[in-house]
Amino acid sequence: MKTLNVDLGDRSYPIFIGEGLLDQGLMREHIRGKQVMIVSNETVAPLYLERLQASLGDGYQVDTVILPDGEQYKNLDQINTIFDQLLTCRHNRTTTLIALGGGVIGDMTGFAAACYQRGVDFVQVPTTLLSQVDSSVGGKTGVNHPQGKNMIGAFHQPRCVVIDTTVLNTLPERELAAGLAEVIKYGLIYDAEFLSWLEANMDALNSRAPQELIQAIFRSCEVKAEVVAQDEKESGIRALLNLGHTFGHAIEAHQGYGQWLHGEAVGAGTMMATDLSHRLGWIPQADVDRVRMILEAAKLPVIAPDNMSEDDFKNLMAVDKKVIDGQLRLVLLKQLGEAVVTADFPAALLEETLAAGEQLGRSDNA
Ligand code: NAD
Ligand code: GLY
């Protein structure tokens, strides 16, 4: 087992990464009370709930709430379902919520924990690659609003993150690819050497080779932990983790949540951010080709959906959380391995990037 620490003073917490961790009860020493509410969904619970419950052993009141599966259910109604169950089962302020599932369950469980009785503990047990490398670490929690992705939420850090890499064996292939989008992101924004490693090992990752998966998850969590420790509430460097996300969130909201997977939208969005970085003269065409090749090798879309106009993008990007005083800020690449958040790009170049998808013929990926 490998262990990392997210260094946030008295809210610091460990990330455990390894095979078979689901059965080891590692979260027990991070549960402060006697009540536990496991939040999962209809897909993940039949696969892993019993094992998680068994790993907790005796000594806890363990209750469960099983939500419907899908990004379209990442909303306040489901948060209320969690509150209903917590109140019905008489959970008090010492309760711990455990998120067993992907990023949707993790984000919603964390948000419910942030709000219930003004804040209770929670633990992340992420079961998708995307949630293992990104969403379970860093304390961003929340739900979607029809007008914008993740618009309602709170920062609330978990007590620990338990990453059992063997659960990825049951993950559908499309979801594995979606997770790789966030892994590639870390290479592009922060670590050119890791990007090269990913290029060399993409076949192994696609075929879920255990050691390569652990290495990719470890480095991704390491980068995320470093960034979050420096800027927990995203007043600076943390925004870099949103490479491709402003375009991607617009795609997700436009297509209807759940149609394009988050990671797929980030894949196409990363290509758009790369295209704009090139138009600004910051990176050469060879780098654009390299980004396209690694995204394609990870089986991700590189072109936005063909039913989105430039105006659709502009309207949806206008509500992005990085907009300040009406000014859109984007994460762009200075070089491969180094990104910046900037509002300093000519509107005409952004228009060219948005139009480029149409010229290429947008994809109807999902
Ligand atoms: P998801 O939670 O919808 O999971 C994807 C699918 O895989 C679901 O159908 C799920 O039931 C299924 N699944 C999960 N684990 C499985 C397993 N082991 N075997 C078989 N099926 C399994 O999607 P996701 O990609 O994990 O997360 C996407 C969400 O994460 C988005 O809402 C996004 O906004 C959010 N997100 C949050 C952060 C953050 O920092 N909080 C970062 C990135 C993404
Ligand atoms: N996924 C972006 C962040 O956690 O900041």
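Just so you know, ligand 1 is whichever comes first in the structure, and atom 1 is the first atom listed for that ligand.
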Using a 4.0 Å heavy-atom cut-off, say whether [X] meets ligand 1 through its side chain, its backbone, both or neither.
X      : answer
Leu168 : neither
Leu130 : side chain
Thr43  : side chain
Thr141 : neither
Lys224 : side chain
Lys140 : both
Thr170 : both
Leu47  : side chain
Asp107 : side chain

Any side-chain donor-acceptor pair under 3.5 Å between [X] and [Y]?
X      : Y      : answer
His262 : Glu71  : no
Asp63  : Gln85  : no
Tyr13  : Gln157 : yes
Asn242 : Thr246 : no
Tyr48  : Ser40  : no
Gln117 : Asn92  : no
Glu226 : Tyr190 : yes
Thr274 : Ser277 : no
Asp312 : Ser309 : yes
Glu338 : Gln335 : yes
Thr353 : Asp275 : yes
Thr43  : Asp69  : yes

Would you say Tyr257 contacts ligand 1, with heavy atoms under 4.0 Å as the rule? no
Is it true that Glu252 lies under 4.0 Å from ligand 1, counting heavy atoms only? no
Closest approach of any protein heavy atom to [atom], naming residue and atom:
atom                    : value
atom 21 (N) of ligand 1 : Pro172 CD, 3.8 Å
atom 15 (N) of ligand 1 : Thr127 OG1, 2.7 Å
atom 23 (O) of ligand 1 : Gly103 N, 4.1 Å
atom 33 (C) of ligand 1 : Lys149 NZ, 3.6 Å
atom 22 (C) of ligand 1 : Leu171 CD1, 3.7 Å
atom 13 (N) of ligand 1 : Val44 CG2, 3.7 Å
atom 14 (C) of ligand 1 : Thr128 CG2, 3.2 Å
atom 4 (O) of ligand 2  : Lys224 NZ, 2.6 Å

Is any side-chain heavy atom of [X] less than 4.5 Å from a side-chain heavy atom of [Y]?
X      : Y      : answer
Val266 : Lys185 : no
Val341 : Leu332 : no
Met271 : Val291 : yes

Hey, is ligand 2 close enough to Arg238 that some N/O pair sits below 3.5 Å? yes
Ligand 2 and Asp134, any nitrogen or oxygen pair closer than 3.5 angstrom? yes
Considering only heavy atoms of [X], which atoms of ligand 1 have at least one such atom less than 4.0 Å away?
X      : result
Ser135 : 36 (N), 37 (C), 38 (C), 39 (C), 40 (O), 41 (N), 42 (C), 43 (C), 44 (C)
Glu71  : 29 (C), 31 (C), 32 (O)
Tyr48  : 18 (N)
Asp134 : 42 (C), 43 (C)
Asp69  : 8 (C), 9 (O), 10 (C), 11 (O)
Asn41  : 10 (C), 11 (O)
Lys74  : 31 (C), 32 (O), 33 (C), 34 (O), 35 (C)
Asn150 : 34 (O)

Geometry only, no angles: is Arg238 polar-contacting ligand 1 at N/O separations under 3.5 Å? no
N or O contact, Val104 vs ligand 1, cut-off under 3.5 Å: yes
Below 4.0 Å from any atom of ligand 2, is there a heavy atom belonging to Glu182? no
From the list Arg11, Lys224, Lys140, salt bridge (charged side-chain N to carboxylate O under 4.0 Å, His left out) partner of Glu232 resolves to Arg11
Hey, mind stepping through Glu182 and His245 against side chain to side chain donor-acceptor pair (under 3.5 Å) and telling me if it holds? CA-CA 10 Å; Glu182 304 282 14; His245 285 55; 3.2 Å; yes
Go through the steps to decide whether Phe122 and His156 satisfy the test ring pair (Phe, Tyr, Trp, His ring centres under 6.0 Å), and finish with yes or no. CA-CA 9 Å; Phe122 86 112; His156 189 55; 5.6 Å; yes
